[in-house]
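First the proteins, then the strands, lettered A, B, ... as listed; each starts at 1.
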2 protein chains.
Amino acid sequence: MGRHQTFDTAEVVRAARKVFWEHGYEDASIPDLEAATGLKRSSIYHAFDSKRGLFDAAVNSYLDEVVRPRIRPLITEPVSPDAIVEYLAGLRAALRQAGSFHAENGCLLINAAGAPIAHDAAVRESVAAYRAELHAAIRSGIAARFPERPAGEVDRLAETCTALVVATFALTRVDADAAVGSLDAAVRLLG
Amino acid sequence: MGRHQTFDTAEVVRAARKVFWEHGYEDASIPDLEAATGLKRSSIYHAFDSKRGLFDAAVNSYLDEVVRPRIRPLITEPVSPDAIVEYLAGLRAALRQAGSFHAENGCLLINAAGAPIAHDAAVRESVAAYRAELHAAIRSGIAARFPERPAGEVDRLAETCTALVVATFALTRVDADAAVGSLDAAVRLLG
DNA sequence: CTTTTTGCGGAACGGTCGTTCCAGTATATA
DNA sequence: TATATACTGGAACGACCGTTCCGCAAAAAG
């Protein structure tokens, strides 16, 4: 009974994600999203209820396809002692090539933290949860690198390292050199 | 010849600054700015040309009246060895009281870094210049605290500390505890 | 092949945005 | 006091926003 959806949801969300990532929630217009997804307004609203619904889907897609694959080596046992520095090196490489998408747009969620959409409590919680997930992964990676150090010191190192990564993302758009500098500071910390 | 301005420019900019700080550039509407400043649209446009002109004035006001007074003890000779930790403690106190303006809204310029307005090159440069000014002040404060350490080490410490402060600002809105955590990491670094 | 269900396309909606324009008015100068 | 100046108030502008609605088309089920 009835026809089936002709588009691939994951792919559409991926396209929308790119728009939100590049322009932020508020500057990503429906026409922009139509053009990127190849869908018409009515199809978007039918599938996602609202612009906000599509954004939420994009955030989940971002976590699943961008964030978690990157931090997976930090939390899946056995964690290599080099996993944390490799993670940072990977991030650095992505940011270093000027003009690349990552270098131009930083992190979807950290960008959202300072944007108007952050006045929405649910979005604030998403960003906080993202930071917590990142923090846990970094702590895991640091614990694997320094197995002999006491938990308290690992905690403090992880707190600092996470903050440095956050600063990196916060600065990518406005000052690429400073952003990489923060990342290098993190690498130095764990060298 | 001709009447004079009946309002105090600095005071109007201060009121507008608060609106931009709280809502960000794009969510600060002209009606909002009218209500906050007590001016009508025509007066605003006459005095500042555009919403963007008022924003630029607000940014300068923010630098002159908020940022620079805070970092002044870090750069005016003789710099106390405690100046840097006092700076961080002052920041911490401002962020710690929940509900306060600083705690709710973080930093005007770091917020702008992730917002749509950051696609404007001039704004990006403003934020980068702000970070550079902050960085120079922090380095000066660290140099005063550790006069015996080599310049290279002071540089690295300053880079890390600045990034931690940036992370603090980036997180204030979404995760107050994590923001304070970043600040504490900085204090620990210089303890 | 008919029926039923559902996705799709396109036009239209009300609302808000930043900006402009035009009188009217207050005041410093002559 | 007369005149010139420029600030102020209020209405109006076109553009764009996110959202809704409705008729059509497509395809699975009977």
Original post:
Of the candidate nucleotides D:dT8, C:dT19, C:dG9, which contains the atom at the shortest distance from the side chain of A:Ser43?
Top reply: C:dG9
Original post:
When you measure from the side chain of A:Pro31, which nucleotide among D:dT8, C:dG18, D:dC17 comes out closest?
Top reply: D:dC17
**OP:** Measure from CG on A:Asp27 to P on C:dG18 and round the result to the nearest Å.
**Re:** 12 Å
**OP:** Look at A:Lys51 and D:dG18 and indicate whether a side-chain polar atom (N or O) is within less than 4.0 Å of OP1 or OP2.
**Re:** yes
Original post:
For A:Leu54 and D:dG18, what is the distance between atoms CG and P respectively, to the nearest whole Å?
Top reply: 11 Å
Original post:
Within the modelled atom types, does a donor on one side and an acceptor on the other bring the side chain of B:Arg41 and the base of C:dT20 under 3.5 Å apart?
Top reply: no
Original post:
Contact class for B:Ser42 vs. all strands (heavy atom < 4.0 Å): base, sugar-phosphate, or nothing?
Top reply: base
**OP:** Round to a whole Å and report the spacing from CD1 of A:Ile117 to C1' of D:dG18.
**Re:** 13 Å
Original post:
Starting at CG of A:Asp8 and ending at P of C:dC8, how long is that distance when rounded to a whole Å?
Top reply: 12 Å
Original post:
Does B:Phe7 or A:Tyr25 map to a spot on DNA chain D nearer the 5' end, using the closest nucleotide for each?
Top reply: B:Phe7
**OP:** Would you tell me if any nitrogen or oxygen in the side chain of B:Thr6 comes within less than 4.0 Å of OP1 or OP2 on D:dT8?
**Re:** yes
Subject >> Rounded distance (Å) that lies between atom C1' of D:dT19 and atom CG of A:Asp49 >> reply: 12 Å
Can you give the donor-acceptor pairs under 3.5 Å from side chains of residues 106-119 of chain A to other protein atoms, not counting sequence neighbours?
| unit_1 | atom_1 | unit_2 | atom_2 | d |
| --- | --- | --- | --- | --- |
| A:Asn111 | ND2 | A:Asn105 | O | 2.7 |
| A:Asn111 | ND2 | A:Cys107 | O | 3.3 |
| A:His119 | ND1 | A:Pro116 | O | 3.2 |
| A:His119 | NE2 | B:Glu22 | O | 3.0 |

Original post:
Does B:Glu159 come within less than 4.0 Å of A:Arg188, counting only side-chain N to carboxylate O?
Top reply: no
**OP:** Among the candidates D:dT8, C:dC17, D:dT19, find the nucleotide nearest to the side-chain atoms of A:Ile30.
**Re:** D:dT19
**OP:** To the nearest Å, give me how far apart NE2 (A:His46) and C1' (C:dT5) are.
**Re:** 11 Å
Subject >> Nearest-Å distance for atom pair OH/C1', residues B:Tyr45 and D:dA12 >> reply: 14 Å
Original post:
Salt bridge or not for A:Arg96 and A:Asp177, using N-O below 4.0 Å?
Top reply: yes
**OP:** Check whether any side-chain N or O of B:Ser100 sits under 3.5 Å from a backbone N or O of B:Ala94 as a donor-acceptor pair, and report yes or no.
**Re:** yes
Original post:
Quick one: ring pair (Phe, Tyr, Trp, His ring centres under 6.0 Å) partners of A:Phe169, sequence neighbours excluded?
Top reply: none
**OP:** For B:Lys40 and C:dT20, give me the distance from atom NZ to atom P, rounded to whole Å.
**Re:** 19 Å
